[in-house]
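Since this is a predicted model, take the numbers as computed values, not measurements. Atoms considered below: every heavy atom in the structure, side chains included; atoms not considered: hydrogens, waters and symmetry mates.
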Amino acid sequence: MISIIAAIAENRAIGINNDLPWKLPNDMKRFRELTTGHTVIMGRKTFESLPNGALPNRTNIVVTRNNTVTFENCILFDNLQDAIKKYNTQEEIFVIGGASIYDQVINLADKLYITLVRHSFENANTFFPEINKNEWIMTEQESFPNDEKHLYPYTFQTYIKKK
């Protein structure tokens, strides 16, 4: 099963200059709970944006065309298709970004774990692909207000691809 996990603003923004436009501790907690023990696939820029390198207790796959780089505790692939082919025998693999990786895998994915950030970020320069509502069924949704730790209200959503 191929799952995409992403936090997305109302205008589909996911990044500003290779960083998240928000700080949502509960989103990070959900991300950690869902992906721990699984394989995560990401692009090079997403990996380089991680503050502490490879994510612990996960198999970290980095897709990059740059064959001169090495990343500690990561397995490198030069294309997404080969990475998916090798690791899609597992129960669930998670694609965690960035935008070009999401663009390549959105039509292959079986499940979406989305955190919808209830705000638009006009200065964003990285965006999530359009989610075609005719192809997906929302199976879960839980909304949260902003609070002292979360500047923006947000909603956890889970989608399953229609058969």
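- Put simply, the side chain of Thr46 gets close to the backbone of Gly98: a donor and an acceptor are under 3.5 Å apart.
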Review item, side-chain donor-acceptor pairs of residues 103-110, under 3.5 Å, at least two apart:
| residue | atom | partner | partner atom | Å |
| --- | --- | --- | --- | --- |
| Gln104 | NE2 | Ser100 | O | 3.3 |
| Asp110 | OD2 | Ile2 | N | 2.8 |

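- Two different hydrophobic clusters hold Ile114 and Tyr152 under the rule that ILVMFWY side chains link at heavy-atom gaps under 4.5 Å.
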Q. Do Asn73 and Asn60 pass the side-chain contact (heavy atoms from CB on, under 4.5 Å) test, and can you show the C-alpha distance, the side-chain angles, and the key distance before you say yes or no?
A. CA-CA 7 Å; Asn73 299 316; Asn60 287 251; 5.9 Å; no
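- The salt bridge (charged side-chain N to carboxylate O under 4.0 Å, His left out) analysis of residues 115-143, with sequence neighbours excluded, yields the pairs Arg12-Glu130.
- Between atom CG of residue Leu24 and atom CG of residue Asn146 there is a gap of 10.5 Å, rounded to the nearest 0.5 Å.
- Listed by first and then second residue, the salt bridge (charged side-chain N to carboxylate O under 4.0 Å, His left out) pairs that reach into residues 75-86 come to none, sequence neighbours excluded.
- Grouping the Ile, Leu, Val, Met, Phe, Trp and Tyr side chains by contacts below 4.5 angstrom, directly or via other members, places Ile131 with Met138.
- Smallest separation of non-hydrogen atoms from Ala13 and Ala124: CB-CB, 3.3 Å.
- Met28 CE: 12 or fewer foreign heavy atoms inside a 6.0 Å radius.
- Under the 4.5 Å side-chain contact rule for hydrophobic residues, Leu112 and Ile137 do not share a cluster.
- Annotation for Tyr154 and Pro145: closest pair CE2-O, 4.4 Å, computed over non-hydrogen atoms.
- Remark: Thr59 pairs with no residue by the side chain to side chain donor-acceptor pair (under 3.5 Å) rule, at least two apart or across chains.
- For Tyr102, there are no side chain to side chain donor-acceptor pair (under 3.5 Å) partners at least two apart in sequence or on another chain.
- Distance OG1/Thr36 to CG/Asn57: 6.0 Å, rounded to 0.5 Å.
- One finds the CG atom of Leu20 at 9.5 Å from the CG atom of Asn18 (value rounded to the nearest 0.5 Å).
- Leu116 and Ile4 are assigned to two separate hydrophobic clusters, defined by single-linkage of ILVMFWY side chains at heavy-atom distances under 4.5 Å.
- Legend: salt bridge (charged side-chain N to carboxylate O under 4.0 Å, His left out) pairs involving residues 32-59, not counting sequence neighbours, sorted by first then second residue: Arg44-Glu48.
- Think of Leu34 as one node in a network of Ile, Leu, Val, Met, Phe, Trp and Tyr side chains linked at under 4.5 Å; its network also takes in Ile5, Phe31, Val40, Met42, Phe47, Leu50, Leu55, Val62, Val69, Phe71, Leu76, Phe94, Ile96, Tyr113.
- Expressed to the nearest 0.5 Å, how far CD of Gln141 lies from OG1 of Thr158 amounts to 9.5 Å.
- Scanning for side chain to side chain donor-acceptor pair (under 3.5 Å) contacts around Asp147 gives His150, with sequence neighbours left out.
- Within the structure, ring-ring contact (aromatic ring centres under 6.0 Å, His included) pairs that include any residue of residues 48-68 do not occur (at least two apart or interchain).
- Between Tyr87 and Phe77, the angle of the ring planes goes over 60°, which puts this pair in the perpendicular group of the 30/60° scheme.
- Not a single salt bridge (charged side-chain N to carboxylate O under 4.0 Å, His left out) links Arg30 to another residue, sequence neighbours left out.
- Every side chain to side chain donor-acceptor pair (under 3.5 Å) that Thr39 has, sequence neighbours left out, goes to Gln90.
- To the nearest 0.5 Å, the span separating CZ on Phe144 from OG1 on Thr155 amounts to 8.5 Å.
- Considering Glu92, His38, Lys111 in turn, Glu92 is the only one that fulfils the side chain to side chain donor-acceptor pair (under 3.5 Å) rule with Ser3.
- Taking the six-membered ring where tryptophan is involved, the planes of Trp22 and Phe121 are tilted, since the angle between them lies from 30° to 60°.
- Linking ILVMFWY side-chain heavy atoms closer than 4.5 Å, directly or via other members, places Tyr159 and Phe156 in two distinct hydrophobic clusters.
- Across every non-hydrogen atom of Pro21 and Ile16, the tightest pair is CB-CD1, 3.6 Å.
- No more than 12 heavy atoms of other residues, nucleotides or ligands lie within 6.0 Å of NZ in Lys149, so this atom counts as exposed by the packing criterion.
- With sequence neighbours excluded, the residues forming a side chain to side chain contact (heavy atoms under 4.5 Å, CB included) with Asn17 are Asn125, listed by chain and number.
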